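Structure, as structure tokens:
In the text below, chain A, chain B and the rest are named by the order of the sequence lines, each starting its count at 1. Since this is a predicted model, take the numbers as computed values, not measurements.
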2 protein chains.
Amino acid sequence: MSTPAGEKLIAAASALFYRHGIRAVGVDLIAETAGTTKKTLYDRFGSKDALVALYLERRTGIWREFLHEHLRGRPVEDLFDVLALWLREQDRGCAFVNAYAEIGGTGHPAEPVIRAEKEWMRAYLVDRAREEGHPESAGVALHLLYEGATVLATAGGDPDAPARAKASALAVLYPPADQQGERGQQHQHDHGLAQR
Amino acid sequence: MSTPAGEKLIAAASALFYRHGIRAVGVDLIAETAGTTKKTLYDRFGSKDALVALYLERRTGIWREFLHEHLRGRPVEDLFDVLALWLREQDRGCAFVNAYAEIGGTGHPAEPVIRAEKEWMRAYLVDRAREEGHPESAGVALHLLYEGATVLATAGGDPDAPARAKASALAVLYPPADQQGERGQQHQHDHGLAQR
DNA sequence: CTGCGAGTATACCGACCGGTGTGGTTACTT
DNA sequence: AAGTAACCACACCGGTCGGTATACTCGCAG
């Protein structure tokens with residue numbers, strides 16, 4: 001937690017950065033939106049770049065909390081239902097992908113935050129998948145489908161992308177054992193065919 | 001084709017937009033890099049926004065040509081090898097995703113170009129998959145994995161993402177009947193086996 | 001010969017960029 | 001009583017933003 005004015009600045013900056021992009025939002029606008037002054041912004045954070053890094057750090061926390069809360073007690077493939085729910089409000093897609101589009105390869109202090117978020121998500125999905133008896137490759141596939149669904153739902157303009165991704169995920173997690181659609185359905189952790 | 005000076009401007013703008021982003025590149029820099037003047041830029045294109053749209057339109061053509069050339073006569077799952085090859089030079093990822101991050105939701109003239117590219121790719125993969133005996137759902141899965149691999153290879157910093165995506169794609173396209181060796185298994189796709 | 005399209009060079013515009021400096025007002029410690 | 005952290009109001013800085021204006025040269029087609 002920061003000071004009250006600091007928190008207002010982070011909140012304003014987060015909303016503006018996410019909606020309009022980083023370079024499109026000036027520090028004057030951030031300060032004005034937050035109801036404070038540019039001076040306070042620089043006293044608290046030192047630079048716009050530092051504020052950008054903080055914006056992304058805060059956002060990882062919010063997403064992880066959302067994910068944990070909504071995926072608790074549900075099979076890992078429901079990730080895509082959670083994603084659809086998230087994207088209903090977060091209609092500008094992945095803040096990290098968007099930020100990388102603007103600052104990638106520049107040595108910006110927020111770059112490691114972006115990379116860490118992707119790595120965390122990969123590890124999380126691999127773990128979750130393994131807990132439910134799926135091989136590591138399944139977790140990796142989930143991660144790829146998750147990123148793909150996010151991109152196609154936003155830049156691609158396809159709101160059904162998460163649903164399509166879930167269908168693909170089910171095909172990977174529960175391979176259709178030749179005929180008998182009976183086998184490939186959801187829930188049930190204990191899948192005998194999960195080896196290694 | 002445009003006039004000579006116009007082409008030089010498009011070339012300069014394309015390189016700069018892709019590497020540094022759209023908002024990060026000013027028209028002065030574009031004109032200077034192209035060895036022409038700002039006046040010529042506005043005489044030819046009318047606005048920076050129009051130049052941005054043209055940049056993306058040109059890029060769709062270059063990618064499709066690259067894709068057709070390298071995927072000709074190969075199974076559709078080799079898409080990911082082509083992607084890996086493409087990303088070796090295009091290390092800033094998908095220009096359309098990056099552009100959408102900056103201009104998405106603003107009514108920018110380049111927005112339909114972005115959406116069209118994603119739609120074209122989806123249709124292309126569904127068609128290619130179908131030609132090789134795979135269901136439509138397989139083409140959709142390929143599209144999702146393709147986008148996911150691009151994101152994870154760039155923002156995620158994982159250069160092996162396309163290879164991982166190919167492994168996932170193989171699991172979708174050729175459901176493991178006996179399932180074995182999940183790690184370093186490739187090649188041998190003598191896919192004479194066409195299933196519904 | 002003339003008109004015109006394409007191009008160059010340069011100056012200019014108001015607005016905004018990230019960032020700093022000065023000065024003053026609260027409110028809580030020590 | 002003095003210090004200090006937090007904050008506001010406002011002015012200022014050099015530089016860049018997208019875009020425009022003026023004036024000129026060149027090659028070519030009528």
Walk me through whether B/Val126 and B/Val140 qualify under side-chain contact (heavy atoms from CB on, under 4.5 Å).
CA-CA 6 Å; B/Val126 167; B/Val140 173; 4.2 Å; yes
Cluster check A/Trp120, A/Leu56: I/L/V/M/F/W/Y, side chain < 4.5 angstrom
no
Residues A/Phe45, A/Ile10; criterion side-chain contact (heavy atoms from CB on, under 4.5 Å); working and verdict
CA-CA 10 Å; A/Phe45 308 107; A/Ile10 294 177; 3.6 Å; yes
Return the set of residues passing side-chain contact (heavy atoms from CB on, under 4.5 Å) with B/Arg122 (not counting sequence neighbours), or none when no residue passes.
B/Glu119, B/Glu136, B/His143
Roughly how many Å is it from CG in A/Asp28 to C1' in D/dA11, rounded to a whole number?
13 Å
Any carboxylate oxygen within less than 4.0 angstrom of a Lys/Arg side-chain nitrogen, looking at B/Glu7 and B/Arg44?
no
All N/O contacts under 3.5 Å from nucleotides 3-10 of chain D to the protein, with atom names and distances to one decimal?
residue : atom : partner : partner atom : Å
D/dC7   : OP1  : A/Thr3  : OG1          : 3.0
D/dC7   : OP1  : A/Pro4  : N            : 3.4
D/dC7   : OP1  : A/Ala5  : N            : 2.7
D/dC7   : OP2  : A/Thr3  : OG1          : 2.7
D/dC7   : OP2  : A/Arg44 : NE           : 2.8
D/dC8   : OP1  : A/Gly35 : O            : 3.4
D/dC8   : OP2  : A/Thr40 : OG1          : 3.0

B/Arg74 with B/Glu132: basic N within carboxylate O range, under 4.0 Å
no
List in numerical order all residues of residues 45-58 of chain B for which some heavy atom is under 4.0 Å away from an atom belonging to DNA chain D.
B/Ser47, B/Lys48
Measure from CD on A/Glu32 to P on C/dC17 and round the result to the nearest Å.
11 Å
Atom CD1 of B/Ile30 and atom C1' of D/dG18 are separated, to the nearest Å, by 11 Å
Provide, to the nearest angstrom, the distance between the OH atom belonging to A/Tyr42 and the C1' atom belonging to C/dT22.
18 Å
Does A/Lys118 reach the main-chain N or O of A/Phe96 with its side chain, forming a donor-acceptor pair under 3.5 Å?
no
Where along residues 19-26 of chain B does a heavy atom come under 4.0 Å from DNA chain D, residue by residue in number order?
B/Val25, B/Gly26
Taking atom C1' of C/dG7 as reference, at what distance in whole Å does atom CG of B/Leu9 sit?
11 Å
ring-ring contact (aromatic ring centres under 6.0 Å, His included) partners of residues 70-92 of chain A, not counting sequence neighbours, each pair once
A/Trp63-A/Trp86, A/Phe66-A/His70, A/Phe66-A/Trp86
Partner residues of A/Arg59 under the side-chain hydrogen bond (donor to acceptor under 3.5 Å, both in side chains) criterion, sequence neighbours left out
A/Gln90
A/Glu111 side chain to A/His108 main-chain N or O, any donor-acceptor pair under 3.5 Å?
yes
Qualifying residue, where the test is salt bridge (charged side-chain N to carboxylate O under 4.0 Å, His left out) with B/Asp78 and the options are B/Arg72, B/Arg128, B/Lys166:
B/Lys166
